[in-house]
Enquirer: 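Starting off with a structure, shown below.
Counting convention: from 1, in listed order, for ligands and their atoms alike. Bear in mind that the values here come from a model prediction, so they are computed numbers and not experimental data.
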Amino acid sequence: MADYRLKNGIIVSFGKTPQSGDIGVSGERLLTIGKSSAVGKSAGRPAGGRVGNRAGSTGSAAQIDLKGNSFVYPSLINTHDHLQGNYLPAVSPKPGTFYLTWQPWDTDLKASATFAERSKLTRRELYRLSAYKCIFSGVTTVNDHFPHELNAKILPTLPIRAIQGYGLAHEAVSYDLKWGEGIQAEHKRAVKNNWPFITHLSEGFDGESMQSVDLLEKLGVLDSHCLLVHCIGFSDGDIKKVARAGASVSWCAGSNMLMFNVTARIRKMLKAGVNVTIGTDSSASGPVNFLAELHYVRELYRKLYGEELPPKTIFKMITLNAARAFKMQDSIGTLEAGKLADALVLKGRKDDPYENLVSASMKDIELLILAGKPLYGELRFLDLFGGKLPKAYTRIQVGKRPMFVIGDPAALYREVRRRVGFKKALDYLPFEVEQ
Ligand SMILES: [Fe+2]
């Protein structure tokens with residue numbers, strides 16, 4: 001990509017007061033942020049200390065005028081998904097019942113029409129669907145919680161950043177799926193490489209689930225590398241231990257409520273200072289995409305606690321907190337010169353920038369950028385490509401807006417429908433296709 005600048009947006013990044021200004025992008029990095037910047041001039045000492053060769057470069061930069069009507073955020077980070085499992089509809093327990101652990105859900109999933117249809121697609125097709133689930137909800141970074149031997153060849157082929165550096169376990173119970181090389185070995189590798197160690201934890205209420213924080217502590221692995229997913233059975237003592245250890249939690253409220261009718265004690269975790277992030281889990285148990293999850297957590301918090309979860313708190317969870325949980329805060333999570341240019345441009349529908357983000361829907365996305373590369377956007381931004389859409393992109397119609405998108409999701413959608421033999425609707429794809 002040639003250098004470019006987005007002008008006259010409202011720049012929103014945690015730790016800074018939102019203000020109108022520009023962002024300058026050079027190669028894969030943010031070169032300049034704010035009003036006084038000028039593309040082609042050095043922005044001074046960049047953040048993160050890992051700046052590509054092109055930062056500081058000059059040249060004729062395309063300029064896109066956002067006309068003061070758009071908010072520019074760091075693109076969103078989903079800390080928990082299973083990219084092989086984003087097929088619809090979600091699989092629920094029988095009406096009026098809920099599960100005790102994840103096991104009976106897994107049994108019900110395998111017996112479901114969702115699973116039967118999904119099995120007609122290749123693993124690569126399922127992963128590509130998941131990449132578009134991310135893109136059309138403003139997410140550029142995600143964890144595919146799945147063993148490396150099953151996803152390592154696919155992740156680098158995706159148009160999004162599905163992190164490849166992580167240690168993992170399935171869960172810390174005797175009946176878990178034995179992913180990875182064991183909790184201690186995987187954690188050790190994570191520490192050595194400064195990766196997160198990611199595991200489901202207390203995804204249920206049986207005796208073992210309730211003891212899982214103690215088990216991590218006993219194994220000597222409860223520390224800031226831990227990204228613990230679900231955590232619904234945590235006691236006060238567990239929350240204190242997790243906060244003290246500097247571990248992170250991936251809150252998957254939609255999935256938890258569908259399966260268990262209970263979720264993590266999130267207010268207590270926030271008060272204790274736990275680094276809380278948000279995950280969707282797969283669409284087979286959670287809301288349809290990340291934006292739907294944001295709407296859901298607000299409603300749920302209001303219902304559970306009788307008060308608002310501040311939109312700014314949610315914003316921090318899905319940007320800076322998530323970057324910290326992935327040990328990537330030096331390169332993503334905020335808009336700062338020298339960091340990777342991961343940016344989400346949303347139509348300004350609300351005065352408050354945080355409210356604007358957490359109430360946004362797929363139709364509000366104007367532009368999504370991953371490491372300087374536009375993934376998805378309105379055709380009015382074609383100047384980013386010198387006026388001509390490169391071959392790696394296609395056009396789709398989202399509502400009344402003609403959009404460009406990386407790859408060919410319309411062809412993928414047609415292929416899904418051909419495989420399953422009917423006009424399947426996947427609601428995270430916000431466009432229609434001719435068969
Ligand atoms: Fe999960």
Enquirer: For Tyr166 and Phe197, I'd like to know if the aromatic rings sit close, meaning centre-to-centre distance below 6.0 Å.
Expert: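 No, ring centres 6.0 Å or more apart.
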Enquirer: Would you say His230 reaches the Fe ion (ligand 1) with an N/O/S atom under 2.8 Å?
Expert: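 Of the N, O and S atoms in His230, none lies under 2.8 Å from the Fe ion (ligand 1), which means no.
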Enquirer: How large, to 10°, is the angle at the Fe ion (ligand 1) when you draw lines to NE2 on His200 and to NE2 on His82?
Expert: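 Roughly 100°, rounded to 10°.
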Enquirer: With a 6.0 Å cut-off on the ring centroids, do Phe385 and Tyr393 count as close?
Expert: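 For Phe385 and Tyr393, the ring centres are under 6.0 Å apart.
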Enquirer: Could you identify the N, O or S atom of His80 positioned closest to the Fe ion (ligand 1)?
Expert: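 Looking at His80, the N, O or S atom with the least distance to the Fe ion (ligand 1) is NE2.
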Enquirer: Mind checking whether the Fe ion (ligand 1) has an N, O or S of Asp281 under 2.8 Å?
Expert: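 Here the distance criterion (N, O or S atom, under 2.8 Å) is met by Asp281, so yes.
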Enquirer: Scan side-chain atoms only and decide if Lys327 and Asn194 contain a donor-acceptor pair under the 3.5 Å cut-off.
Expert: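 Distance-only check fails for Lys327 and Asn194.
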Enquirer: Within the side chain of His80, is there an N or O that forms a donor-acceptor pair under 3.5 Å with the backbone of Thr280?
Expert: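 Pair absent, no side-chain N/O of His80 close to backbone of Thr280.
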